Amino acid sequence: MPLTKLRNIGIAAHIDAGKTTVTERILFYTGINRKMGEVHDGQATMDFMKQEQERGITIASAAISCRWQDSQINIIDTPGHVDFTIEVERSLRVIDGMVALFCAVGGVEPQSETVWNQADRYRVPRIAFVNKMDRTGAEFMDVVSQMNEFLDAKAIPFQIPMGAEEDFVGVIDIIERKAFTFDDEGRYEIDMPEEYKENVEKQRMALVEMLADFDEEIMELYFAEQDIPVDLLKKVARKATLKLMVTPVFCGSAYKNKGVQLLLDAVIDYLPSPIDIGAVVGMDVDDPEKSHTRNPSIHEPFSALAFKLINDPFVGQQTFVRIFSGQIKSGMPILNSTKGKKERLGRIFRISAKDREEISEAGPGDIVALIGMKVTKTGDTLCDMDHKLYLENIHVPPTVIELKVTPAKRKDQSKLGEALAKLANEDPSFNVRYDDETEETIISGMGELHLEIIVDRIKHEFGVEVVVGEPAVALRETLKVEIESNYKHSKQTGGKGQYAHIVMRLEPNPGKGYEFVNKIKGGVIPNEFIPSVDKGIKKTLQEGVLAGYPVVDVKVVLLDGSHHAVDSSDRAFQTCASICFKQGFMKAMPTLLEPMMKIEVNTPDDYIGGVVGNLNKRRGNIESMRRHRKGSQKLLGFVPLMEMFGYATQLRNVSSGRANYSMEFYNYSPVTKGVQEELLKKKEEEKREGAR
C-alpha cells in the first residue's frame with residue numbers, strides 16, 4: 001500500500017468525552033468488529049485491561065489497525081484522565097494526526113486544554129469531533145467558540161448538526177452541501193431541509209473567507225462572487241489543516257451511531273500521511289551539534305522510536321515502535337543508539353488491541369510490536385547498525401504522590417520486587433525506591449488513581465497481596481544559596497587505608513535538575529576517580545540529605561582535591577563526595593519543595609463564595625475566573641497537592657454536588673518556613689517510631 005494511503009492517528013480528549021466509544025464505532029464500521037462493544041458494560045475492544053473494564057475508563061493507550069475506503073488507519077486510543085498523561089505524551093510523539101474529541105455539553109474541559117497543549121508541543125495536525133450531540137444541553141456552536149476562546153484553535157465548522165438533544169437526527173456537510181441521516185447500519189444522504197439552507201450558506205461563506213487567506217485561486221473566485229468548487233475547497237482545507245492554520249470541526253453522537261463514518265472520511269481527507277509529515281530529524285550519536293534527516297522511505301537507513309512496553313503473559317515483553325524510515329525483518333540485528341547496545345529482532349506483530357497478527361517485515365509509518373528486545377525502554381531510538389542517530393526522547397513529568405507498600409507475606413518480598421521492576425519498566429511515570437532507614441518500599445506516581453491501578457495490577461497480574469500505607473505527597477529537597485564545601489576522607493584500618501580529598505561548589509540550578517561540572521586541573525584528582533565523585537553525589541541525591549527526600553535542581557562544580565597513590569580508590573572517592581556534598585548542602589539553606597497543582601473548578605454561580613473560601617483555606621491561589629456556561633464559572637488557580645486530600649468530598653458538600661474539578665501537576669515550589677518545620681518534625685517522629 002502506498003504511504004499516501006496510511007494514517008497514524010490518535011484519539012484524545014477530556015475524560016468521559018467518548019473517545020473509546022468513538023473508537024468502538026470506527027472498528028465496527030471498518031469491519032474489524034462484528035458487534036459494537038460498550039464502555040459502560042465493560043465490553044469495549046480498546047479497554048481490554050481488567051482495571052479499565054471495572055472503571056469504565058481508558059488507562060493504557062491501545063493501538064489498532066483498520067481499513068477505510070482504500071486507506072489503512074492505525075489508531076491509538078489514549079486515556080483522558082490526568083494521572084495517565086504519560087500515555088497521551090508518548091502517543092503524541094509517534095502519531096501524525098489527531099482527532100480531538102469534545103463533549104457537546106461539557107465543551108472545552110480542563111484536560112482538553114492539557115491534551116491540546118501537548119499536541120501543540122509536538123505540532124500535531126488535528127481535526128475536532130463534537131460528540132454527544134444527542135445529550136440534553138448540547139450546543140455545537142458554543143463548543144466551537146470555546147475552542148477558539150480557550151484553545152486558540154482556529155476552529156471552523158465543516159458540518160452543522162440537524163437538530164440537537166433528543167431532536168438530533170443527522171449532520172450537513174458544509175463544503176458539499178449534503179445532508180445525512182444515520183441508523184445502525186450506515187449513513188443515508190437526504191435532501192437538505194429548507195430551514196438549514198441559509199445557515200449552511202452562511203457557514204460556507206465563513207469557511208471560504210478563512211481559506212481565502214491561504215489560497216489565491218479561492219480569493220479570486222471569492223472576489224468574483226463565484227461558487228468555489230468542492231475539490232478546491234477540500235484541497236486547500238487539507239493544506240491549512242496540515243500547517244496547523246485551521247481545525248476542521250465535525251459533529252455527531254458515537255453512542256447513537258451518528259456521524260462516525262463521516263469522521264472516518266475526514267481522517268482520510270484532512271489528516272496527514274507519513275509523506276505529508278516528511279523527514280524526521282535526529283542528532284548524531286558522536287556529535288550532538290550535527291543532525292541527520294530520515295525520509296519516510298524503505299530505501300533510507302532504518303530508524304524508529306520505542307514508545308511503549310507491555311508485558312504480555314503469552315509472548316513476553318512487547319516493545320511498541322513507530323518506524324520512521326527503512327525496513328525491518330524478523331531476526332535482523334539493529335542498534336539501540338540511546339543505550340549504545342545491539343538488539344536482535346525476534347518476531348514482529350501488528351496489533352489490534354489484544355489480538356495480534358505476526359508479520360515478517362515492517363516499513364516506514366508502521367506502528368508494530370517487537371518481541372525479543374532486551375535493553376530497549378520507552379523513548380529509546382532504534383536504528384541501522386551503520387547509520388546511527390538519536391531521535392528526540394519522550395517528555396516524562398515528575399511524580400507527585402507516594403505510597404508505602406509491603407508484601408502481606410514476607411516470602412513474597414522478591415516476587416513484589418520483580419512485579420515492581422516490570423511495572424516501572426513499562427511506565428516511565430512510575431518510580432520505585434527502597435528506604436534503607438525504615439526498610440520500606442516506596443512507590444511514586446502521577447496521582448492517587450495511578451497508584452491505585454498499580455496496586456491492583458500487583459495483586460491480580462502478579463499474584464502478590466500487598467499492604468498499602470496512606471498516600472503521601474512526593475516532596476523534594478533543594479538548596480537556596482551557593483556554597484563551597486571542602487572535605488578530606490582519611491581512614492587507616494590496618495593494611496590498605498582509604499584516602500580522598502574533594503573541594504566542590506554547590507549552586508542552585510532551578511528547573512534544570514542535577515548538573516556535574518569537572519574543573520580539575522593538573523590531575524590532582526586522577527581522571528579515573530572523577531566518575532566516582534559523580535556517582536557518590538548521585539547516590540546521595542536519591543537518598544536525600546535534609547529529610548530523606550530526593551534532592552533536585554543542584555549544580556555541583558568539582559574544583560580541587562588530592563589523592564594518595566596507594567590509599568585512594570573508587571570507594572574512597574564515592575564516600576568522600578557523598579559526605580562533602582551533605583556538609584555543603586546543609587549550609588546552603590536547604591529547603592523542601594512540594595508539588596503545586598494547576599486546578600480548574602467548574603461551579604454554578606451560586607456556590608462561588610464557598611468554593612473560593614475552601615480553596616483559600618487550602619493555601620490555594622485563584623488566578624482567574626471566566627464564564628464556562630450560562631450560570632456557571634470556571635476558576636483557575638494553583639494549590640499545594642498536600643492540601644488536596646479529601647477535596648472531592650468537600651467540594652461536593654460545598655456545591656451540593658454540582659461543581660467538578662480537575663488538577664494537573666504544575667511545578668515544584670518551596671514550602672513556607674512554618675510548613676517545613678512541621679514536616680521535618682513529623683519526619684523525625686516517624687524515624688523514632690521506626691527505630692522502636
Side-chain angles (χ1 to χ4, degrees), residues 3 6 8 60-65 74 76 90-91 93-94 274 279-286 288 292-394 396 418-419 421-428 461:
L3 276 179
L6 180 61
N8 285 317
S61 54
I64 201 159
S65 297
N74 294 329
I76 294 182
R90 52 186 170 190
S91 302
R93 179 68 185 83
V94 296
V280 65
V281 179
M283 290 180 300
D284 190 275
V285 170
D286 304 314
H292 298 289
T293 54
R294 294 280 185 271
N295 290 298
S297 159
I298 57 169
H299 304 299
E300 294 260 321
F302 166 66
S303 67
L305 188 79
F307 69 96
K308 188 178 173 67
L309 269 66
I310 291 181
N311 276 298
D312 186 291
F314 302 106
V315 294
Q317 185 176 286
Q318 297 181 132
T319 306
F320 281 76
V321 300
R322 156 73 198 260
I323 301 170
F324 291 100
S325 63
Q327 208 172 20
I328 49 168
K329 295 183 179 178
S330 38
M332 75 184 262
I334 53 174
L335 179 74
N336 179 326
S337 56
T338 311
K339 301 273 194 308
K341 299 236 171 108
K342 183 176 152 184
E343 290 270 36
R344 186 168 289 280
L345 279 177
R347 296 147 81 194
I348 306 168
F349 286 111
R350 181 164 283 125
I351 301 293
S352 301
K354 63 184 172 192
D355 300 319
R356 52 188 168 281
E357 167 203 350
E358 187 164 353
I359 53 178
S360 58
E361 58 185 41
D366 280 336
I367 290 176
V368 291
L370 308 179
I371 312 295
M373 300 286 100
K374 297 277 191 291
V375 296
T376 302
K377 302 268 190 300
T378 295
D380 286 359
T381 299
L382 298 171
C383 62
D384 186 281
M385 301 291 291
D386 303 319
H387 300 85
K388 303 174 190 173
L389 86 165
Y390 279 136
L391 297 170
E392 183 194 346
N393 206 323
I394 291 166
V396 180
E418 280 171 35
K422 279 184 178 170
L423 291 167
N425 209 5
E426 275 184 30
D427 183 353
E461 274 178 46

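We use all heavy atoms of the structure for the numbers below, so side chains are in, but hydrogens, waters and symmetry mates are not. Treat the numbers as computed from the prediction; the structure is a model and nothing was measured.
For the pair Arg93/Arg322, no side-chain contact is recorded, criterion being any heavy-atom separation below 4.5 Å from C-beta on. Residues Lys377 and Lys339 form a side-chain contact, since some pair of their non-hydrogen atoms from C-beta on lies under 4.5 Å apart. Within the 4.5 Å cutoff, the side chain of Met373 has heavy atoms near those of the Leu345 side chain.
Taking NE2 of His387 as the start and CG of Leu335 as the end, the distance is 12.5 Å to the nearest 0.5 Å. Note: Asn336 CG to Cys383 SG = 8.0 Å, rounded to the nearest 0.5 Å. Interatomic distance, CG of Leu389 versus CZ of Phe302, reported as 10.5 Å (0.5 Å rounding). Residue Asp286 holds its CG atom at 8.5 Å from OH of Tyr390, rounded to the nearest 0.5 Å. Interatomic distance, Leu423 CG to Leu309 CG, rounded to the nearest 0.5 Å: 12.0 Å.
Between Arg347 and Glu358, at least one side-chain N (NZ, or NE/NH1/NH2) sits under 4.0 Å from a carboxylate O, which counts as a salt bridge.
Nearest heavy atoms, Val280 versus Ser303: CG1-OG, 4.4 Å. Shown here for Pro296 and Pro274, the closest heavy-atom pair between the two residues is CG-O, 3.5 Å. Taking every heavy atom of both residues into account, Leu305 and Phe324 meet most closely at CB-CE1, 3.8 Å. What you find for Val375 and Asp380 is that their closest heavy atoms are O-OD2, 3.9 Å. Across Ala304 and Leu391, no two heavy atoms sit closer than the pair O-CD1, 3.7 Å. Among all heavy-atom pairs drawn from Pro301 and Arg294, the shortest one is O-CD, 3.5 Å.
Residue-environment remark: NZ (Lys342) stays at or below the threshold of 12 foreign heavy atoms within 6.0 Å.
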Please output the side-chain donor-acceptor pairs of residues 359-372 that fall under 3.5 Å, not counting sequence neighbours, one pair per line with the distance.
{"unit_1": "Glu361", "atom_1": "OE2", "unit_2": "Gln327", "atom_2": "NE2", "d": "3.2"}
{"unit_1": "Asp366", "atom_1": "OD2", "unit_2": "Gly363", "atom_2": "N", "d": "2.9"}

